[in-house]
Amino acid sequence: MAVQLKQALSVGTYIISQRFKGRKRFPLVLMLEPLFRCNLACSGCGKIQHPTDILARNLTPEECFKAVEECGAPVVSIPGGEPLLHPQIDEIVKGLVERKKFVYLCTNAILLEKSLHKFEPSPYFCFSVHLDGLREHHDKCVDRPGVFDKAIAGIKAAKAKGFRVTTNTTVFEGTDPKEMHEFFDFLETLGTDGMMISPGYSYEWAPDQENFLKREQTKALFQKILTPWKLGQKKWNFNHNPLFLDFLVGDKDYECTPWGSPSYSVLGWQKPCYLLNEGHYKTFDELMEKTEWENYGQASGNPKCADCMVHCGYEPSAAVDALNPANMGRALGSVIGA
């Protein structure tokens with residue numbers, strides 16, 4: 001089972017409650033970035049390109065809890081930077097779990113094994129380990145040899161201690177589908193709790209702007225990557241609503257819902273999403289009320305959004321669509337493993 005039944009029920013109930021309240025826009029996943037510092041310098045990421053004074057800053061646990069309560073989303077993703085560098089990350093996670101939020105701590109896993117003593121296993125908590133492929137490919141992506149082996153050691157240690165562990169993989173132009181198949185097969189041997197995949201999208205500050213996928217490239221590549229799974233030849237354990245995977249291969253057509261995954265960091269609430277560098281608001285209400293949402297997404301004609309198919313913009317769209325009676329059976333497959 002990839003998506004937990006507890007989480008699926010909680011998110012589904014939340015969506016229904018928001019609809020009953022007449023809300024057109026509401027968050028599903030808060031992307032809580034407690035710092036931008038990292039112990040890697042991946043060419044496809046723009047986070048560490050911030051000025052030194054910003055890289056030195058941390059959100060306090062209290063600031064994190066205030067943002068979570070202000071937003072109200074049932075799921076909290078903690079990316080970075082590298083969250084395990086935060087001196088109070090254990091306090092932050094503990095407080096979120098106590099609030100019964102489903103927490104995904106996103107990590108490159110360099111510090112994972114030595115940090116496990118800070119945390120307690122919980123159905124509300126999961127480590128999400130960044131792995132872009134097998135050893136040679138992943139170490140090339142993160143520009144440092146040995147990171148893949150550290151990540152695998154961390155995954156095995158976390159699973160041995162009873163933690164939930166998923167992986168997250170970003171797919172770039174030039175990815176070999178057969179290598180992805182081998183990679184997915186390998187991940188299955190680790191007994192992880194699901195795999196997450198998403199096409200890369202060009203951060204404006206990312207050093208490497210050459211390997212991001214265009215929209216039609218994304219569909220063609222993911223068709224090749226996911227064909228064995230779509231045909232039932234492979235039972236890869238994806239931690240996704242299958243409707244989102246249908247979208248990636250072009251079987252579904254969704255509009256972006258950037259309000260579904262708002263981002264909060266040391267700079268405030270980022271508008272409109274974490275991929276675009278267009279400024280910040282001080283409060284969540286300002287983000288929701290002042291952002292001109294119609295100016296974003298493919299239908300808007302905004303050239304910055306034309307090729308984006310990233311999970312933060314479209315997985316919320318798929319989650320809402322999953323409550324359509326015609327889609328419930330397929331969406332349920334991600335919970336019961338069908």
Quick one: list whatever passes side chain to side chain contact (heavy atoms under 4.5 Å, CB included) with Pro145, sequence neighbours left out.
-> none

Output all residues satisfying side chain to side chain contact (heavy atoms under 4.5 Å, CB included) with Lys224, sequence neighbours left out; order by chain, then residue number.
-> Pro177

Is it true that atom NZ of Lys66 has more than 12 heavy atoms of other residues, nucleotides or ligands lying nearer than 6.0 Å?
-> no

Non-neighbouring partners of Lys234 that pass salt bridge (charged side-chain N to carboxylate O under 4.0 Å, His left out), sequence neighbours left out | Asp185

For residues 53-94, pull every pair meeting ring pair (Phe, Tyr, Trp, His ring centres under 6.0 Å), keeping only residues two or more places apart or in separate chains.
-> none

Do Phe125 and Phe119 have their ring centres less than 6.0 Å from each other?
-> yes

Take atom CD in Glu136; do more than 12 heavy atoms of anything else shown fall under 6.0 Å from it?
-> no

Would you be so kind as to tabulate the donor-acceptor pairs closer than 3.5 Å made by side chains of residues 25-36, with sequence neighbours excluded?
| from | atom 1 | to | atom 2 | distance (Å) |
| --- | --- | --- | --- | --- |
| Glu33 | OE1 | Ser263 | OG | 2.8 |
| Glu33 | OE2 | Lys47 | NZ | 2.8 |

Please identify each residue that fulfils ring-ring contact (aromatic ring centres under 6.0 Å, His included) with Phe247, with sequence neighbours left out.
-> Tyr254, Tyr314

Asp246 meets the salt bridge (charged side-chain N to carboxylate O under 4.0 Å, His left out) criterion, sequence neighbours left out, with Lys230, Arg330

Sequence neighbours excluded, which residues qualify as side chain to side chain contact (heavy atoms under 4.5 Å, CB included) partners of Ala157?
-> Glu113, Leu116

Any pair counted as salt bridge (charged side-chain N to carboxylate O under 4.0 Å, His left out), so long as it reaches residues 67-83, sequence neighbours left out | Glu69-Arg99

Not counting sequence neighbours, which residues clear side chain to side chain donor-acceptor pair (under 3.5 Å) with Asn58? List them please.
-> Arg37

Ring center gap for Phe284 and Trp269 short of 6.0 angstrom | yes

Would you please indicate if the ring centroids of Trp229 and Phe184 are separated by under 6.0 Å?
-> no

Please list, chain by chain and in numerical order, all residues satisfying side chain to side chain donor-acceptor pair (under 3.5 Å) with Ser265, sequence neighbours excluded.
-> none

Listed by chain and number, what are the salt bridge (charged side-chain N to carboxylate O under 4.0 Å, His left out) partners of Glu286, not counting sequence neighbours?
-> Lys290

